[in-house]
Amino acid sequence: MVVGVERGLDLLGDISGRDIVDLGCGTGRLEAVLLPRLNGGTVVAVDFSPAMIAAAARRTADPRVSWLCRDVLGTGLASASADVVLCFDAFPHFSDGGAVLREVARWLRPGGAFLLWHDVGRERLADVHRRAGPAVENDLLPPVEELALLGRAAGLLVEIAAEDETSYTFLARRPR
C-alpha cells in the first residue's frame with residue numbers, strides 16, 4: 001500500500017505547508033505516508049462512516065489532522081479552502097462522480113491540485129468489488145477518458161488521465 005500511496009504523492013512534488021483534503025479517508029491509512037511530507041500543513045480527512053472515522057482517529061492523533069464524518073457532497077468545507085484534494089482508493093464508492101468533481105473544484109484554491117489514484121488497475125478493482133458482494137459490486141471506476149471529461153466539465157485542467165493493468169491515475173488543477 002505504501003508504494004502505491006507514495007507513487008501518487010510523488011506526482012504532487014513538495015506539499016509542505018499545504019492545506020489538504022483526504023476525500024474518502026476510510027481508516028486513515030493515507031495519513032501515515034502523507035503527514036511526514038506535510039510539515040506545517042493541515043489535513044481535513046473526510047469519510048461518511050462513523051466507524052471509519054473513529055478507527056482513523058485512533059490510528060492517527062496528530063493535531064494537523066481534522067476528522068470529518070460527513071458525506072462528500074455535504075462537508076461544509078469553504079470554497080477555495082484547500083491547496084490539494086486527495087482521493088486514494090475511494091472514488092468508486094461515490095454515487096455521483098460529476099458532483100464530487102464539481103465540489104472538489106469548489107474547494108480548491110486557484111492552481112490547487114486534485115489527485116485521484118488507485119494502486120490497482122480498473123478491471124482488477126472491478127473484480128475485487130464484484131467478489132466482495134452486493135454492498136460494493138457496482139462501485140466501479142469509469143475509464144479515465146470519461147473521468148477527464150467530467151473533470152473538464154467541473155472546470156478542472158486535466159494534467160494526467162492514465163490507467164493500465166496496475167494503476168489508475170487522475171491529476172487535475174483548478175485554473176489560476
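Contact detail for A154 and A105: the closest heavy-atom pair is O-CB, 3.5 Å. T60 and G28 get closest at one heavy-atom pair: OG1-O, 4.4 Å. Contact between C69 and S49 at its shortest, heavy atoms only, is SG-C, 3.8 Å. Considering all non-hydrogen atoms of both residues, A90 and C87 come closest at CB-SG, 4.0 Å. Minimum interatomic distance between V158 and A172 (heavy atoms only, all atoms of both residues): CA-CB, 4.0 Å.
Side-chain contact check for L11 versus W117: every heavy-atom pair is 4.5 Å or farther apart. At a threshold of 4.5 Å between non-hydrogen side-chain atoms, the residues L101 and L147 count as touching. Residues L30 and D89 are not in side-chain contact: their nearest non-hydrogen atoms beyond the backbone lie 4.5 Å or more apart. When side chains are defined from C-beta on, T169 counts as touching L115, because their heavy atoms get closer than 4.5 Å. In this structure, the side chains of L23 and W107 come closer than 4.5 Å at one or more pairs of heavy atoms. Taking 4.5 Å as the limit, every side-chain heavy atom of D47 sits out of range of all side-chain heavy atoms of D22.
Side-chain contact, D14 with S16: a donor N or O sits under 3.5 Å from an acceptor N or O.
Clustering ILVMFWY residues whenever any of their side-chain heavy atoms sit less than 4.5 angstrom apart, transitively, puts V72 in a cluster other than the one holding M52. When the side chains of ILVMFWY residues are joined at heavy-atom separations under 4.5 Å, either directly or via intervening members, L68 and V100 end up in a single hydrophobic cluster. By the criterion of side-chain heavy atoms lying less than 4.5 angstrom apart, applied directly or through intervening Ile, Leu, Val, Met, Phe, Trp or Tyr residues, L38 is grouped together with V33 in one hydrophobic cluster.
The aromatic rings of F114 and F170 lie perpendicular to each other, with more than 60° between the two planes, well past the 30° mark.
Between W67 atom CH2 and R59 atom CZ the span is 8.5 Å, to the nearest 0.5 Å. Between atom CG of residue L34 and atom CD1 of residue I20 there is a gap of 4.5 Å, rounded to the nearest 0.5 Å. Rounding to the nearest 0.5 angstrom, the gap separating the CZ atom in R70 from the CZ atom in F48 is 15.0 Å.
With hydrogens and angles ignored, the 3.5 Å screen pairs no side-chain donor or acceptor of Y168 with any backbone N or O of L116. No donor-acceptor pair under 3.5 Å is formed between the side chain of N39 and the backbone N or O of G17. A donor-acceptor pair is defined here as one N or O able to donate and one able to accept, closer than 3.5 Å; such a pair exists between the side chain of D83 and the backbone of D19. In this structure, the side chain of R109 engages the main chain of S81 through a donor-acceptor pair within 3.5 Å. Judged by distance alone, the side chain of R106 and the main-chain N or O of L77 form a donor-acceptor pair under 3.5 Å. Of the possible donor and acceptor atoms, one in the side chain of E163 sits under 3.5 Å from a partner among the backbone N and O of V144. Although no hydrogens or angles enter the test, the distance criterion places no donor-acceptor pair under 3.5 Å between the side chain of R174 and the main chain of G111.
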**OP:** Verify side-chain contact (heavy atoms from CB on, under 4.5 Å) between V43 and L86, making sure each step is shown before the conclusion.
**Re:** CA-CA 10 Å; V43 177; L86 303 173; over 6 Å; no
**OP:** Evaluate the side-chain contact (heavy atoms from CB on, under 4.5 Å) criterion for residues L108 and L156: first the C-alpha distance (whole Å), next the side-chain angles of each, then the deciding distance (0.1 Å), finally the verdict.
**Re:** CA-CA 10 Å; L108 286 172; L156 297 171; 4.1 Å; yes
**OP:** Take R18 and L12 through the side-chain contact (heavy atoms from CB on, under 4.5 Å) test and state the conclusion after the steps.
**Re:** CA-CA 11 Å; R18 304 290 184 190; L12 297 170; over 6 Å; no
Original post:
Can you check salt bridge (charged side-chain N to carboxylate O under 4.0 Å, His left out) on R124 and D119, steps first, answer last?
Top reply: CA-CA 10 Å; R124 182 166 169 223; D119 55 357; over 6 Å; no
Subject >> Worked check of side-chain contact (heavy atoms from CB on, under 4.5 Å) between D10 and R37 >> reply: CA-CA 10 Å; D10 286 347; R37 295 171 178 243; 2.8 Å; yes
